[in-house]
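Before any comments, here is the structure.
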Amino acid sequence: MAPFIGMVFSFLVFRTLGLAGWEYMNDTVISLRFAAAVMLLIAASAHWGRMRPDLIAMVPPWIPKAGMIVSLTGIFEITGAFLLLFPSTTTIAATLLTLLLIAMFPANMHAARHKLKLAGRPVPPLGIRTVIQIVFIAAILIAGWLPSQG
């Protein structure tokens, strides 16, 4: 839930800064790109922190080398977050991040079905997790595919 809250909060902060006079952030698409990057960095931070064992447990058993997969997805999230911010790479970053989120969804399904925990708290039910994932994908695609107004 922290990545979702981080994305929404940072989007509001970036838009407020834009409306308050920071010209670069006075663009909804640019603000959304930065908010999506914040979301991805928050999500990636869990791949090496105290939640790492929980993330490894989320990987379905039919996927080999769960620890390596968790590390790779974290690296991809960090890389994608930064590439989303550069106009020359934003479209490809958004496309690849969308594919990454789709590829990672079976882990969310596995976690919800087996009532796993993240940081000692139950993972959100599959319906809520699906909606959040759709919001993440939509935000990334809008941020990456729509042109900025500036």
Side-chain angles (χ1 to χ4, degrees), residues 1-19 25 27-86 89-148:
M1 198 59 85
F4 177 76
I5 293 167
M7 184 177 76
V8 171
F9 179 76
S10 64
F11 177 75
L12 294 173
V13 168
F14 292 133
R15 285 303 296 136
T16 300
L17 290 170
L19 295 171
M25 284 298 163
D27 182 308
T28 302
V29 174
I30 298 283
S31 293
L32 187 57
R33 285 179 189 164
F34 276 80
V38 167
M39 176 271 295
L40 290 161
L41 294 173
I42 291 170
S45 70
H47 291 241
W48 295 280
R50 64 183 170 88
M51 290 182 11
R52 180 176 173 80
D54 297 338
L55 293 180
I56 291 171
M58 287 177 62
V59 177
W62 51 268
I63 297 175
K65 301 186 189 250
M68 183 182 73
I69 296 295
V70 168
S71 294
L72 285 174
T73 56
I75 290 167
F76 294 156
E77 288 171 342
I78 292 167
T79 304
F82 287 106
L83 293 177
L84 200 56
L85 302 179
F86 297 98
T89 57
T90 191
T91 302
I92 189 70
T95 302
L96 293 175
L97 284 165
T98 297
L99 293 174
L100 177 65
L101 290 175
I102 291 168
M104 290 171 28
F105 195 69
N108 292 309
M109 291 172 43
H110 177 75
R113 287 189 178 139
H114 291 89
K115 298 182 179 12
L116 299 181
K117 295 185 181 210
L118 281 173
R121 288 172 284 188
V123 298
L126 187 56
I128 292 170
R129 187 64 209 142
T130 301
V131 170
I132 291 171
Q133 198 81 346
I134 290 168
V135 169
F136 287 163
I137 289 171
I140 287 170
L141 287 174
I142 290 168
W145 283 82
L146 287 183
S148 64

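The first residue in the sequence is number 1, and the count goes up from there. Both backbone and side-chain heavy atoms feed into the values below; hydrogens, waters and symmetry mates do not.
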Could you tell me whether the side chain of [X] and the main chain of [Y] form a donor-acceptor pair under 3.5 Å?
| X | Y | value |
| --- | --- | --- |
| Ser148 | Ile30 | no |
| Ser31 | Met25 | yes |
| Arg33 | Leu85 | no |
| Thr90 | Leu84 | yes |
| Arg52 | Gly67 | yes |

Hey, are the side chains of [X] and [Y] touching, using non-hydrogen atoms and a 4.5 Å cut-off?
| X | Y | result |
| --- | --- | --- |
| Ile92 | Leu83 | no |
| Leu32 | Phe14 | no |
| Leu141 | Leu146 | no |
| Phe34 | Val38 | no |
| His110 | Leu116 | yes |
| Phe11 | Thr28 | yes |
| Trp48 | Leu55 | no |
| Val135 | Met7 | yes |

Atom [atom1] of [X] and atom [atom2] of [Y]: how far apart are they, to the nearest 0.5 Å?
| X | Y | atom1 | atom2 | result |
| --- | --- | --- | --- | --- |
| Ile140 | Thr95 | CD1 | OG1 | 10.5 Å |
| Ile69 | Met58 | CD1 | CE | 13.5 Å |
| Ile42 | Glu77 | CD1 | CD | 11.5 Å |
| Met51 | Ile56 | CE | CD1 | 12.0 Å |
| Leu101 | Leu96 | CG | CG | 11.0 Å |
| His114 | Met109 | NE2 | CE | 11.0 Å |

Closest non-hydrogen atom pair between [X] and [Y], with its separation:
| X | Y | result |
| --- | --- | --- |
| Gly144 | Ala94 | CA-CB, 3.5 Å |
| Ala81 | Ala37 | O-CB, 3.6 Å |
| Ala44 | Gly74 | CB-O, 3.7 Å |
| Ala112 | Pro125 | CB-C, 4.4 Å |

Check the pair Phe82, Thr89 against side chain to side chain contact (heavy atoms under 4.5 Å, CB included), reporting the backbone distance first and the verdict last. CA-CA 9 Å; Phe82 287 106; Thr89 57; over 6 Å; no
Quick check on side chain to side chain contact (heavy atoms under 4.5 Å, CB included): which of Leu19, Leu12, Leu17 does Arg15 satisfy it with?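 Going through the options one by one, the only one that passes is Leu19.
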Asn108 vs Val123, test: side chain to side chain contact (heavy atoms under 4.5 Å, CB included). Steps then yes/no. CA-CA 8 Å; Asn108 292 309; Val123 298; over 6 Å; no
Around Met1, counting heavy atoms of other residues, nucleotides and ligands shown, do more than 12 lie under 6.0 Å from its CE?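 Not more than 12 within 6.0 Å, no.
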